[in-house]
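What follows is a short report on a single structure.
Chain identifiers are assigned alphabetically (A, B, ...) following the order of the sequence lines, protein sequences preceding nucleic acid strands; residue numbering begins at 1 within each chain. Computed over heavy atoms, backbone and side chain alike; hydrogens, waters and symmetry mates excluded. What you see is a predicted model, and the numbers here were worked out from it, not measured in a lab.
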Protein chains: 2
Amino acid sequence: MAKQKQDEGPAAKLTINDIARLAGVSKKTVSRVINRSPLLNRETRDKVEAIIRETGYVPNPQARALALGRNFLIGLIYDNPNAQMVLSMQRGILEALHGTEFELVIRPVDRGSNQVMEDIQGFVTRQRLFGVVVLPPMSENDALMRMLDEQGCRYVRMGSAILDDPEHMVASNDREAVADAVRHLIAQGHRRIGLIAGPHGFRSARERREGFEMALAEAGISLPRSLVADGQYTFESGLSASESLFDLTPRPTAIFASNDEMAAGVLYAARLRGIAVPEQLSIIGFDDTPVTTRVWPPLSTVRWPIVAMGRAAALKLIGTAIGEGAEVNEPSMFSSTLIRRGSVAPPVQT
Amino acid sequence: MAKQKQDEGPAAKLTINDIARLAGVSKKTVSRVINRSPLLNRETRDKVEAIIRETGYVPNPQARALALGRNFLIGLIYDNPNAQMVLSMQRGILEALHGTEFELVIRPVDRGSNQVMEDIQGFVTRQRLFGVVVLPPMSENDALMRMLDEQGCRYVRMGSAILDDPEHMVASNDREAVADAVRHLIAQGHRRIGLIAGPHGFRSARERREGFEMALAEAGISLPRSLVADGQYTFESGLSASESLFDLTPRPTAIFASNDEMAAGVLYAARLRGIAVPEQLSIIGFDDTPVTTRVWPPLSTVRWPIVAMGRAAALKLIGTAIGEGAEVNEPSMFSSTLIRRGSVAPPVQT
DNA sequence: CGGGTATAGGAAACCGGTGTCATTATCAAG
DNA sequence: CTTGATAATGACACCGGTTTCCTATACCCG
């Protein structure tokens, strides 16, 4: 059993030397063709390109990465319960990467673990990543960004946050969007509106809460502490949080849940209690995940342009590589919009 | 402006030469330490390891990949509407990859496009992937597997398929699981049971349909063509397909939908028609996605161990690398189970 | 027609590891 | 005390590209 190293597969691996030999030029010339060097004879270029096309030669990216000192891998770091969001984000990023030589390497992490930092550091340094996109809530971790800076790893953070650093941030205006949603409820006549907040420490949770409070304050509606329940962005937490709101007298006539999962929990809880939606209770969620259209009634919600934001994040990242001087002009702030479905109606008169 | 190559970032990149110099040994010896070569003096090893630990040296994977002729990237190829499934699969694979030097590169493709093959081929050859995991329905594409073979790219296909080739396949027994589900309906007294089938050409769709027919045949129940409606594995298709079933007289008292999305569509359609579930209509889905517990009533469904299957697939792939001689002993066949929730009840007597 | 200047292209070093083989040190056996 | 076997280590080529430096040729001008 002789080791057959060279002709392992039917697609014997071609090297730049083979191409050079076939074309009758030096490997340097082939390299110039590949990298589109402008100081090449037209004929020479055509000849080499023809051979490359015929043979189906593909430069070895490992060798390229080694020689160039950087590779073409973008990392996606996240720790997020929202599967739909993560997947949409992946899609957006991949759209931007399509046609480039970049690939996407994903890295879910466990925020709870106290090894997250080491884990991520090992990830970026070992793979010498070109850059990473960080999804919320990991993106709110400033220590992480410092570490990435130290490692010389580019990054873009996604989030519902202030634009302290537009170059490294793609954000949505959650606060204003939530305020809009709540204004909608108020316009329908609601005055006792409950909030199911997101987890403490999440910037998105704070932004959404502030938007909620802002709209109420504008309308001169006071917000007793009892109308605010804490949630964890999960269906179950929405379910249990809403029960404490239902126990209030008078009961709130509308509830804004800080994400769709919790909104679905509210709807489920209402069903268990025999509270009719939207007749006796209006509900608005946030994210516009598919679940909003699967339940009955379909949930009104706030949609943020996840795919577009993912695309923008990736373009920001690789833009710095492609056009050295070219300014990256991707927008950093995206607007969310209220999607009206069937879960909102005027309150019953009491 | 002198170029400062060496001390670019705070984490100046160490090379194997630096370690060798610091340890007073040759780079080859350092390499031996890294690769746990057994023919090393204990003292030498300890000394080098100490230095590696102190300095935080990490071998450059690009260089390793180049020298070794293969890199440590696993690709995930999919074209699937089921976000939850894809994400669970990612999770399973990553669990298996955790602690190894492998990373996961994802590649959603567009099955419709006639460039899929070129796209994937470019992906695996350019990146010289170690191997790929292919999700259904892409995994049913035999031409793709031939191409991967030609490219010398390892692969494992996931699916609900016959085990023609256990080494390259991780499968679930959809047929038997569906038969179980339908037997459950029959045991409850149902006789007119509708099927919403998956798209033509999907092996999973065929398997599930065969399971359905099998259970009916066992019970001696005939299946008129009108009780079978075609679906596309989407919510909307489930919605419209179920309407044709609802128009039948007599109406089916139970419906098996070939996945949860379509089952949710059936439930939604029933709500629109004022058909009470489960009193007037029983529903069973397939996949056990989160939506099944968000809707009311929660849907009975068939659960297949996605995460475990993803883990097994990844282990099969990298197992061949880690233990050369060691047989990979991951199971190739996984069992699905019926999850009973609230969408099934005995039929009303007519 | 000669000298200066682009410009194409080659030789060799390099990126940071790994493989092969030779060399040296150590030890048991004869 | 010599010899052969064995363990530990090092020298050097190599993986497949890129980059630097240099030379040879073509072209331009006075």
Rounded distance (Å) that lies between atom [atom2] of [N] and atom [atom1] of [X]:
X	N	atom1	atom2	value
Asn71(B)	dG17(D)	CG	C1'	15 Å
Arg128(A)	dC15(C)	CZ	C1'	11 Å
Ile19(A)	dG17(D)	CD1	C1'	13 Å
Arg126(A)	dG17(C)	CZ	P	14 Å
Ile16(A)	dG9(C)	CD1	P	14 Å
Asn35(B)	dG17(C)	CG	P	11 Å

Seminar exercise, completed: Within residues 52-68 of chain A, the residues having a heavy atom closer than 4.0 Å to DNA chain C are Leu66(A), Ala67(A)

Problem set entry | Test: Arg21(A) and Asp18(A) ion pair at under 4.0 Å | yes

For this session: Measure across Leu129(B) and Cys153(B) and return the closest heavy-atom pair with its distance rounded to 0.1 Å.
Result: O-SG, 4.3 Å

Exercise. In Å and rounded to the nearest 0.5 Å, what is the CD1 to CD1 distance from Ile34(B) to Ile19(B)?
Worked result: 8.0 Å

For this session: Kindly write out the residues that satisfy side chain to side chain donor-acceptor pair (under 3.5 Å) with Asp79(A), not counting sequence neighbours, or none if the list is empty.
Result: Arg111(A)

Problem set entry | Partner of Phe130(B) under ring pair (Phe, Tyr, Trp, His ring centres under 6.0 Å), chosen from Tyr155(B), Phe72(B), Phe102(B) | Phe102(B)

For this session: Quickly, which of Leu73(B), Asn71(B), Leu94(B) forms a side chain to side chain contact (heavy atoms under 4.5 Å, CB included) with Glu103(B)? Name it, please.
Result: Leu73(B)

For this session: Tell me, please, which residues at least two apart from Asp142(B) pass salt bridge (charged side-chain N to carboxylate O under 4.0 Å, His left out).
Result: Arg157(B)

Problem set entry | Side-chain donor-acceptor pair present, Lys27(A), Thr15(A), cut-off under 3.5 Å | no

For this session: Please check the phosphate of dT18(D) (OP1 and OP2 only) for any side-chain N or O of Ser31(A) closer than 4.0 Å.
Result: yes

Exercise. Does a side-chain N or O from Asn17(B) land closer than 4.0 Å to OP1 or OP2 of dG16(C), or not?
Worked result: no

Exercise. Taking only residues at least two apart or on different chains, which pairs with a member in residues 129-139 of chain A satisfy salt bridge (charged side-chain N to carboxylate O under 4.0 Å, His left out)?
Worked result: none

Problem set entry | Flag, side chain of Asp119(B) to backbone of Gln115(B), donor-acceptor distance under 3.5 Å | no

Exercise. Are the side chains of Arg107(A) and Val124(A) in touch, meaning some heavy atoms are under 4.5 Å apart?
Worked result: no

For this session: Go along nucleotides 6-11 of chain D 5' to 3' and tag each nucleotide: B for a protein heavy atom under 4.0 Å from its base, S when only backbone or sugar atoms are that close, - otherwise.
Result: --SBBB

Exercise. If we fit an axis to the first five pairs and another to the last five of the helix from dC1(C)-dG30(D) to dG30(C)-dC1(D), what angle do they make, to the nearest 10°?
Worked result: 50°

